[in-house]
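In what follows, a single structure is set out as structure tokens and then discussed.
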Amino acid sequence: MASSIVPPYDRLAEVKAFDETKAGVKGLVDAGIREIPRMFMHPPEILNPKAPAAVNCLEIIPTIDLGSTNRSSTVEKIRRASEDIGIFYVTNHGIPMSVMEEMLNGVRRFHEQDVEVKKKFYTRDASKAVVYNSNFDLYFSSVAGWRDTFASIMAPTPPPYEELPEVCRDIMMEYSNELKKLGVVIFRLISEALGLDPDYLGDMDCDKGFRLLCNYYPACPQPDLTMGVAPHTDPNFLTVLLQGEIGGLQILHQDQWVDVTPVPGSLVVNIGDLLQLLSNDKLKSLEHRAVAKEKGPRVSVACFFRSLETSRTYGPLKDFVSSDNPPRYRETTIEEYYFQHSLGKPIDDNIHRLQRLKL
Ligand code: OGA
Ligand code: NI
């Protein structure tokens, strides 16, 4: 008699076997799979409504010209964008087009190099200078995203040059030097937009440290069954995102997912949880995700500005607290907020993370 017993699905075994290949999602695609493994299949409530809203994101997301000489108008635009929607494009930001293109090429070279070389960087030890893996939260989340990432803290102090991947170390250094300057500019504008002294957020170290996340979203044979990265908010002060010509980023706007179309030469800036906390909810850390695509690979570089002074305390600033508007969050440290509650947690958990600090 033939047995009809189907063994129970052993997710952990599937995840482990995938992790041990150290070749990421790209390894699956290179092996020619036509159907995505079960560990990547997202539940319908996350996938739906998958269809993006039929709106032009350029009508919703403001573009801020950082080359404008009308500073008060720029500050006002940043204020409105950061309060109303939490995301904006920046143009004339000072980073040469050639540097942005080479950064995207460098990320692609890293992910597409000889897998034996790439494997040496594969780790889940966040203290390593370069952390390459697929899904930081692979062992904590219920479902995996269709992406591979390598990341390095590049400011205030980058890792020793020789520890960075050979195929992209020069451009990582160059792009990071550009981002250091841009970070100062943006945090000064946001400080002013909040009615603070221009150096206020910089003096709080908001612009001093960042990690570069170099994402690679391989072409996906069944994009309707998975996501590149599940809905989340960013656990930092601010993100500056460089995306290649293939889009995929979406923001949740009025309960609908809206495509954030790549605009050549521009960067996307979004407010993270810690600026929402500092501003006592005046600024919005918005929910976003990246869809999987049949076309690919898609490359993006997210710069996460986050103070590396892990013991420093952050809470709602006194300027945004009054008897009519009491603090909405308790104080936290980078150590507590990021190292205890973000690392080692599913990425979509951080939608609730700010809630946990609510008073
Ligand atoms: C992230 C992120 C979006 C993208 O890394 O936090 O939201 O388009 N990335 O890669
Ligand atoms: Ni994000």
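Read the numbers this way: they start at 1 and go in the same order the structure lists the ligands and their atoms.
A cation-pi arrangement is present between R38 and Y9 under the rule of less than 6.0 angstrom and at most 45 degrees off the ring axis.
Atom NZ of K295 has 12 or fewer heavy atoms from other residues, nucleotides or ligands within 6.0 Å. Residue K22 qualifies as open at atom NZ: its count of foreign heavy atoms under 6.0 Å is 12 or below. Within 6.0 Å of CD on E163 lie more than 12 heavy atoms contributed by other residues, nucleotides or ligands.
S279 and D281 share no donor-acceptor pair across their side chains, judged by distance under 3.5 Å alone.
Our summary of the site lists the angle at the Ni ion (ligand 2) between NE2 of H288 and NE2 of H232 as 90°, to the nearest 10 degrees.
Proximity of H232 to ligand 1, defined as any heavy-atom pair under 4.0 Å, is confined to the side chain (atoms from C-beta onward). Under 4.0 angstrom from ligand 1, there are no non-hydrogen atoms of Q250. At a 4.0 Å heavy-atom cut-off, ligand 1 does not touch T149 at all. Counting heavy atoms under 4.0 Å from ligand 1, residue L241 touches it through the side chain alone.
Applying the 4.0 Å criterion to heavy atoms of F304 picks out, from ligand 1, the atoms 6 (O). Taking every heavy atom of H288 and a limit of under 4.0 angstrom, the matching atoms of ligand 1 come to 7 (O). Residue L249 has at least one heavy-atom neighbour below 4.0 Å for each of these atoms of ligand 1: 3 (C), 8 (O). Residue-ligand proximity, N215 to ligand 1, at heavy-atom distances under 4.0 Å covers atoms 5 (O), 10 (O). Ligand 1 places these atoms under 4.0 Å from at least one heavy atom of R298: 4 (C), 8 (O), 10 (O). Near Y217, meaning under 4.0 Å from one of its heavy atoms, ligand 1 places the atoms 3 (C), 4 (C), 9 (N), 10 (O).
Listed by chain and number, the residues in a side-chain contact (heavy atoms from CB on, under 4.5 Å) with N177 are K180 (sequence neighbours excluded).
Atom OD1 is the N, O or S atom of D234 at the shortest distance from the Ni ion (ligand 2).
Q243 places a side-chain heavy atom less than 4.5 Å from the side chain of R298. Side-chain contact between I190 and L283 is present, with at least one heavy-atom pair separated by less than 4.5 Å.
For the ligand labelled ligand 1, residue R289 lies outside the 4.0 Å heavy-atom shell.
Relative orientation of the Y132 and Y122 rings is perpendicular, given thresholds of 30° and 60° on the angle between their planes.
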